[in-house]
2 protein chains.
Amino acid sequence: MTSTEALDVLEAYLQRKGLKTTAQRRLITEVFFDPRFKKDHPSVDDLFRHVRAQDANVGYATVYRTMKLLVECGLASPRQLGPTDKETRYEPESPGEHHDHLVCLDCGHIVEFENEAIEALQEDVARAYGFAIKEHRMVIYGHCTRTDCERRPSAGAHP
Amino acid sequence: MTSTEALDVLEAYLQRKGLKTTAQRRLITEVFFDPRFKKDHPSVDDLFRHVRAQDANVGYATVYRTMKLLVECGLASPRQLGPTDKETRYEPESPGEHHDHLVCLDCGHIVEFENEAIEALQEDVARAYGFAIKEHRMVIYGHCTRTDCERRPSAGAHP
DNA sequence: GTTGGTGCAAATTGTTTGCATATAA
DNA sequence: TTATATGCAAACAATTTGCACCAAC
């Protein structure tokens with residue numbers, strides 16, 4: 001989803017809730033959906049720094065509060081891909097899409113994928129235990145084979 | 001794995017590392033592997049309270065430090081099943097075993113399961129992207145059908 | 001006797017909140 | 001004009017760390 005579409009979704013949500021469209025909320029949303037940035041699962045701090053580059057007055061708290069709004073209206077999902085990561089990272093969401101993650105334990109590289117066969121099996125499992133699935137999370141940790149994969153012990157994850 | 005077996009694993013690990021076996025480390029490990037407790041994915045605070053019931057002098061920091069040791073020697077895994085939970089919870093591990101989780105969004109009930117077909121498909125996915133799998137995490141969120149399932153909005157997870 | 005452990009309290013870190021001011025509606 | 005947002009600093013909560021004393025080895 002483009003940043004323009006995301007803004008539309010956000011503004012509709014704000015209107016419906018009687019909240020206000022502000023320059024800060026627009027800017028943060030634009031940064032979050034910026035194609036140069038989108039794939040990075042940014043933390044609040046990442047977002048804060050990029051936002052400050054465009055408007056030096058935005059506060060940390062505003063970024064937190066805006067990300068909470070984006071989550072509420074379905075435009076973002078909080079993630080914790082590396083179980084040792086302490087900060088929450090955010091992923092842009094497009095309604096109807098879903099993907100899971102492959103995370104390289106060496107370089108931190110993240111690949112998103114989707115697999116219908118796995119999802120069908122998940123349905124079977126859930127049914128067997130009397131659960132109605134709302135959603136799921138799946139992360140596979142391993143070692144990637146990128147030529148530029150270098151050990152980054154601090155990269156996050158020992159899962 | 002029984003608490004006795006766990007203690008053996010821990011002591012072997014401590015010895016190999018030149019570390020010391022102490023009463024506190026033994027007690028915390030026993031509590032963590034106590035069958036009455038095992039299934040509960042306890043937080044450090046849960047453990048701390050049960051440990052204090054047996055020895056009123058143990059400090060919070062010691063529980064943290066000991067859980068870190070248990071993770072290092074493979075006896076425990078840190079989990080964050082409800083993405084809104086802030087505290088880390090721990091799950092007892094037995095080498096060679098693996099299970100994933102079903103979490104009820106209403107009552108917080110957790111079911112552990114294992115599914116080889118899903119794991120086989122994960123291998124396929126990883127191979128397709130050039131990843132060698134080390135391990136994985138899968139959590140399915142939904143609504144359970146237990147008769148005593150009651151909405152616990154604070155129960156944890158809106159994933 | 002050494003080396004490592006414990007308990008406490010203080011420090012750190014990520015996140016939230018209270019409040020006076022500013023701004024969208 | 002009136003309700004909501006903002007930015008700042010202070011508050012919080014989970015976890016970590018420094019240090020004086022203790023206890024395994």
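The sequence lines fix the lettering, A, B, ..., with proteins before strands; numbering per chain opens at 1.
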I want to check one thing: is the phosphate of C:dT16, taken as OP1 and OP2, less than 4.0 Å away from some side-chain N or O of A:Y64? no
When we call it a touch if two heavy atoms are under 4.0 Å apart, what does A:S43 touch: a base, just sugar-phosphate, or nothing? nothing
Quickly work out the B:I28 CD1 to C:dG5 P distance and round it to whole Å. 13 Å
Separation of C:dG14 atom P from B:Q80 atom CD, nearest Å, is 14 Å
Rounded to whole angstroms, how far apart are CD on A:Q15 and P on C:dA24? 15 Å
Is there a side-chain polar atom (N or O) of B:T21 under 4.0 Å from OP1 or OP2 of D:dC25? yes
Go nucleotide by nucleotide along DNA chain C from the 5' end; which of B:R25 and A:T22 gets its closest nucleotide reached first? B:R25
When only distance counts, do a donor and an acceptor, one from the side chain of A:K20 and one from the base of D:dA3, lie under 3.5 Å apart? yes
Closest non-hydrogen contact found for B:V63 with B:I28 is CA-CD1, 3.9 Å
Between the base of C:dG7 and the side chain of B:R65, is there a donor-acceptor distance below 3.5 Å? yes
Do the rings of A:H136 and A:H98 sit parallel, tilted or perpendicular, given the 30° and 60° boundaries? perpendicular
If the test is side chain to side chain donor-acceptor pair (under 3.5 Å), which one of B:R89, B:Q80, B:H101 qualifies with B:H41? B:H101
Taking any heavy-atom pair under 4.0 Å as a contact, classify B:N57: base, sugar-phosphate, or nothing. sugar-phosphate
Can you tell me the distance, in whole Å, between the NZ atom of B:K17 and the C1' atom of C:dT3? 16 Å
In whole Å, I'd like the distance from the CG atom of A:D45 to the P atom of C:dT13. 12 Å
Nearest atoms (heavy-atom pairs only) where A:A76 meets A:F32: CB-CE2, 3.5 Å
Tell me whether the OP1 or OP2 atom of D:dG7 has a side-chain N or O from A:Q24 closer than 4.0 Å. yes
For the side chain of B:A61, counting heavy atoms from C-beta on, which of C:dC8, D:dA14, C:dG14 is nearest? C:dC8
Could you tell me the separation between the CD atom of A:Q122 and the CG atom of A:N115, rounded to the nearest 0.5 Å? 9.0 Å
Checking contacts here: which listed nucleotide (C:dT6, D:dT15, C:dG14) is nearest the side-chain heavy atoms of B:T62? C:dT6
Rounded to the Å, how far apart are B:K86 NZ and C:dT16 C1'? 8 Å
5' priority, DNA chain C, between B:L19 and B:Y60 [closest heavy atom]: B:L19
With a non-hydrogen cut-off below 4.0 angstrom, is A:K68 in contact with a base, only sugar-phosphate, or nothing? sugar-phosphate
Could you state the atom-to-atom distance from CG of B:D46 to P of D:dT15 in whole Å? 11 Å
Integer-rounded Å distance: D:dT15 P and B:R89 CZ: 10 Å
